[in-house]
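Remember, predicted model here, so these are calculated numbers, not experimental data. Note that ligands are numbered from 1 as they come in the structure, with each ligand's atoms numbered from 1 the same way.
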Amino acid sequence: MGTSAVFILPAPAAAAHTRLSLPGRHVLPLRTFLSPPVNSGVWPKPVTKSPPFHFRPAAVAGGVELLQDAGAAAVVMAGAYALVSTFNYLTQRNLIEQSLSRKLVHILSGLLFVGFWPIFSTSTEARYFASLVPLVNCLRLVIHGFSLATDEGLIQSVTREGKPEELLRGPLYYVLVLILCALVFWRESPVGVISLAMMCGGDGVADIMGRRFGDLKIPYNQQKSWAGSISMFVVGFVISIGMLYYFSVLGYFKLDWICTIKRVALVSLVATVVESLPTTEIMDDNISVPLTSMLVAYLSFGYQFYH
Ligand SMILES: Nc1ccn([C@@H]2O[C@H](COP(=O)(O)OP(=O)(O)OP(=O)(O)O)[C@@H](O)[C@H]2O)c(=O)n1
Ligand SMILES: C/C(=C\CO)CCC[C@H](C)CCC[C@H](C)CCCC(C)C
């Protein structure tokens, strides 16, 4: 994918750490935006006589990555807090129903979390920094779920009935799946991205559409409807393809799109059927949908570990 917008730079190894986290050959060194382009022979020669470029010791470059990942984690952490606080504000002022607030937090949290993965560095530690965000929220849910502390805003924006113990089910399973996908699949496999698109986008929209237009129930489950399930299949598919395209444009995935569309359609279909089944006290949608998606996506795509 060599477009004019993407400069192909054999960036010096030391400078490689200062580049945006785009994998492979197609990299845009961070210096592109923060300082004059590196004179690598590919760029037009700089007009001014710039001092010869000196390789930074790897330790300094590693330090830059550490700063980048810490900063990125802080930004995403702040975003998580802001998102929950925003929906709490809207719910408290009766500008939005609590059930709709919960579903919008469900949809937006995971998709935005994945959407911010490219701001982390290319280091092997980046995924651990990213996982810190759902981990902190996991601890937050456990603390408030056991009423060790009280956060009415959190409880009102992510529970059905405003009971603290509700935090220990759907929301907790949800953030655990975010941690799992970030650590195991990260930006290197489409499996994690698809699984989160189905859990966040597909399952979230099924609830919203099903509650509103779900008069025609599914024969084997009177709690679920055709409107909810069809919405889950369509929206889960579209969001999955959209997220894969996003990561492909940034250079993380190189996909055969005809195959990919078929595979994602299969994942979406199987996940939708599983979601439509009666849930038990133990098996929550936030477990069954992502795990089913992971299994079918893995069998369809293979791990497809993209460096
Ligand atoms: N395929 C689906 C999924 C959901 N729904 C509607 O959305 C409601 C909640 O769906 P459910 O998946 O049970 O919600 P949860 O994932 O458990 O989330 P929450 O705890 O917010 O209800 C259902 O009762 C139903 O009215 C539907 O009609 N068809
Ligand atoms: C209501 C939820 C699940 C029930 O089905 C979602 C709970 C969400 C957590 C409370 C908050 C999770 C935040 C994410 C880990 C990070 C989001 C970052 C982004 C930039 C908003």
Side-chain angles (χ1 to χ4, degrees), residues 72-88 91 97-117 119 130-145 151 153-161 163 166-182 196 199-200 202-218 220-236 271-281 283-290:
V75 165
V76 180
M77 197 84 74
Y81 188 82
L83 181 78
V84 172
S85 301
T86 300
F87 279 96
N88 173 49
T91 309
E97 291 170 17
Q98 187 167 351
S99 63
L100 181 57
S101 163
R102 170 186 163 93
K103 278 307 155 183
L104 290 176
V105 172
H106 175 107
I107 292 170
L108 294 174
S109 296
L111 295 183
L112 288 172
F113 175 57
V114 176
F116 274 95
W117 283 1
I119 71 171
S131 302
L132 279 178
V133 181
L135 178 63
V136 166
N137 280 278
C138 176
L139 296 174
R140 197 177 166 205
L141 292 170
V142 169
I143 289 167
H144 296 106
D151 181 345
L154 177 68
I155 293 169
Q156 292 310 318
S157 51
V158 303
T159 62
R160 274 198 206 113
E161 297 155 21
K163 295 174 185 166
E166 288 182 69
L167 297 176
L168 302 174
R169 286 181 47 76
L172 183 60
Y173 303 149
Y174 181 97
V175 293
L176 290 175
V177 168
L178 293 182
I179 295 171
L180 177 69
C181 288
L196 292 182
M199 178 182 77
C200 304
D203 182 41
V205 168
D207 181 314
I208 294 174
M209 299 303 283
R211 287 179 193 269
R212 279 157 181 74
F213 308 108
D215 298 336
L216 191 58
K217 300 301 182 186
I218 288 176
Y220 53 82
N221 184 356
Q222 292 304 303
Q223 301 306 312
K224 301 289 173 78
S225 66
W226 286 107
S229 294
I230 291 168
S231 301
M232 173 167 179
F233 172 78
V234 173
V235 173
T272 298
V273 170
V274 167
E275 190 276 342
S276 71
L277 300 174
T279 47
T280 62
E281 274 303 303
M283 188 46 74
D284 185 285
D285 286 348
N286 288 350
I287 297 174
S288 60
V289 168

Checklist entry - How many angstroms lie between CZ in Arg160 and CZ in Arg102, if you round to the nearest 0.5 Å? => result 5.5 Å

Checklist entry - Heavy atoms, side chains only, cut-off 4.5 Å: are Leu83 and Ser109 in contact? => result yes

Next on the checklist: Using modelled atom types and a 3.5 Å cut-off, is there a donor and acceptor pairing between side-chain atoms of Asp207 and backbone atoms of Asp203?
Outcome noted: no

Checklist entry - Cut-off 3.5 Å, side chains only: do Ser229 and Ser276 have a donor facing an acceptor? => result no

Item to check | Interatomic distance, Phe113 atom CZ to Leu196 atom CG [nearest 0.5 angstrom] | outcome: 8.0 Å

Checklist outcome for this item: In this structure, CG of Leu112 is separated from CD1 of Ile107 (nearest 0.5 Å) by 11.0 Å

Checklist entry - Should Thr279 and Asn221 count as side-chain neighbours, where that means a heavy-atom distance under 4.5 Å? => result no

Checklist entry - Which one of Ile179, Leu176, Leu178 satisfies the side chain to side chain contact (heavy atoms under 4.5 Å, CB included) criterion with Leu135? => result Ile179

Item to check | Euclidean distance, Met283 CE relative to Tyr173 OH, rounded to 0.5 Å | outcome: 9.0 Å

Just the distances, no angles: every ligand 2 N or O to protein N or O pair closer than 3.5 Å, one line each.
unit_1: ligand 2; atom_1: 5 (O); unit_2: His106; atom_2: ND1; d: 2.7
unit_1: ligand 2; atom_1: 5 (O); unit_2: Asn286; atom_2: ND2; d: 2.9

Next on the checklist: Please output the residues near ligand 1 using a strict heavy-atom distance under 4.0 Å, listed in chain and residue-number order.
Outcome noted: Arg102, Lys103, Arg160, Asp203, Ala206, Asp207, Gly210, Arg211, Gln223, Lys224, Ser225, Gly228, Ser229, Glu275, Asp285

